[in-house]
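Working notes, structure below.
If you're wondering where the values come from, they're calculated on a predicted model, not measured in any experiment.
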Amino acid sequence: MIPCVIAGIDSVSLPIHVSKHFAPQLRRADEYIKLGVAAAEKVFTGVAADQENNRAGLFAGTAFGPMQTNFDVLGMIANEDQTSPTLFSHSVFNSAAGYIARLFGIAGSCFSFTDFGWPFFHALAEGHRAISSGRLDRCLVLQVETYSDLLIDARQRTGTEPEPWLPGAVAWHLAAGASGTGLNLKNIEISSVSAPPPTYLHRREELHHDQGNLACSTPLAAAAAITSLIREPVGDREWTCRLSASHGSVILTFQQANA
């Protein structure tokens, strides 16, 4: 079964908006969790949900995760203060995926992937495999990024006037057997190579597609750009998006679902 992208969101950012239904349950959540929930709610809007939630999965990718929350917890430990169990649980990289799975009733596979190079695409590849193999009927794939003061300082110290990175999220809803809507994701290939740390602090990725080339210079930019591209009608032909960078490459192959 070829997975189909039936919905995609490329621009969940600050300020964060969630419905009144979820807001009370996010009262103590940090920015990382709230961005993930907001992206999930937005991508699921108007999409009929499968009632067999054990056949639904969640694959989340991130480069830096709840970075500031991590440092907040470490600060308490270093100062020998009482550590908040809730704050500690929110410092775990799987925290956003846990909240989303609970709030949206996703009872199948639930994974978080940490990768400085291609976090969204590693999550997407796992979602693609899960649906192609028949293990899942649908899944949410997303990338959520928040940053810390330490990271901002490191970027300023190692580069001249670096472009600001803003917290945000990108999300896709993949489903099997969704003929007639969306785009079939026929194939995904990822190549990762080792690169020095400044590569990831001052990233330079090139997106190549039929309409031209685009430079992507933030952790979310490549996934957001491709999400925007796949909203445009492309006819029945097969087409590809290619990403290249010093830390590797990604190739995505698409085709209209009704082709």
Q: Please name all residues satisfying side-chain contact (heavy atoms from CB on, under 4.5 Å) with D72, sequence neighbours left out, ordered by chain then number.
A: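 D72 satisfies side-chain contact (heavy atoms from CB on, under 4.5 Å) with Q68, L87 once adjacent residues are dropped.
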Q) I16: what forms a side-chain contact (heavy atoms from CB on, under 4.5 Å) with it, not counting sequence neighbours? A)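 Partners of I16 under the side-chain contact (heavy atoms from CB on, under 4.5 Å) test: L14, V18, E31, K34, L35, A38.
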[atom1]-[atom2] distance between [X] and [Y], expressed to the nearest 0.5 angstrom:
X	Y	atom1	atom2	result
E126	F59	CD	CZ	5.5 Å
C241	Q211	SG	CD	8.0 Å
N54	I106	CG	CD1	12.5 Å
T86	R28	OG1	CZ	3.5 Å
R55	D137	CZ	CG	4.0 Å

Do any N or O atoms from the side chain of [X] and from the backbone of [Y] form a donor-acceptor pair under 3.5 angstrom?
X	Y	value
H128	I188	no
S228	A225	no
T62	V144	yes

Is there a donor-acceptor contact under 3.5 Å linking the side chains of [X] and [Y]?
X	Y	value
S112	N94	yes
S244	R242	no
H17	E41	no

Q: For the pair W118 and F121, name the ring-plane relationship: parallel under 30°, tilted 30 to 60°, perpendicular over 60°.
A: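 The arrangement is perpendicular - the two ring planes meet at more than 60°.
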Considering residues, nucleotides and ligands other than [X], do more than 12 of their heavy atoms fall under 6.0 Å from its [atom1]?
X	atom1	answer
R155	CZ	yes
F104	CZ	yes
R135	CZ	yes

Q. Are I190 and I251 grouped together when hydrophobic residues (ILVMFWY) are joined by side-chain heavy atoms under 4.5 angstrom apart?
A.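 Each belongs to a different hydrophobic cluster.
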Q.
Taking salt bridge (charged side-chain N to carboxylate O under 4.0 Å, His left out) as the definition, give me every residue that meets it alongside D115, ordered by chain and number, with sequence neighbours left out.
A.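 Salt bridge (charged side-chain N to carboxylate O under 4.0 Å, His left out) check on D115 returns nothing, list empty.
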**Q.** Which atom of A223 lies closest to which atom of Q143, heavy atoms considered
**A.**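 That would be CB-OE1, 4.1 Å.
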Q) Is the cationic atom of R102 (NZ for Lys, CZ for Arg) positioned less than 6.0 Å from the six-membered ring centroid of Y99 and within 45 degrees of its normal? A)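 Relative to the ring axis of Y99, which defines the angle, R102 lies inside both limits.
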Q.
According to side chain to side chain donor-acceptor pair (under 3.5 Å), who are the partners of D81, at least two apart in sequence or on a separate chain?
A.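 With neighbours one apart ignored, the set is empty.
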Q) For L151, what are the other residues in its hydrophobic cluster, where any two members join if their side-chain heavy atoms are less than 4.5 angstrom apart? A)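 The other cluster members (ILVMFWY side chains, heavy atoms under 4.5 Å, direct or chained) are F64, M67, F71, L74, F116, Y147, L150, W165, Y200, L201.
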Only distances under 3.5 Å count here; give the side-chain donor-acceptor pairs of residues 1-13 to other protein atoms, sequence neighbours excluded, each with its distance to 0.1 Å.
{"residue": "D10", "atom": "OD1", "partner": "R231", "partner atom": "NH2", "Å": "3.3"}
{"residue": "D10", "atom": "OD2", "partner": "R231", "partner atom": "NH1", "Å": "3.4"}

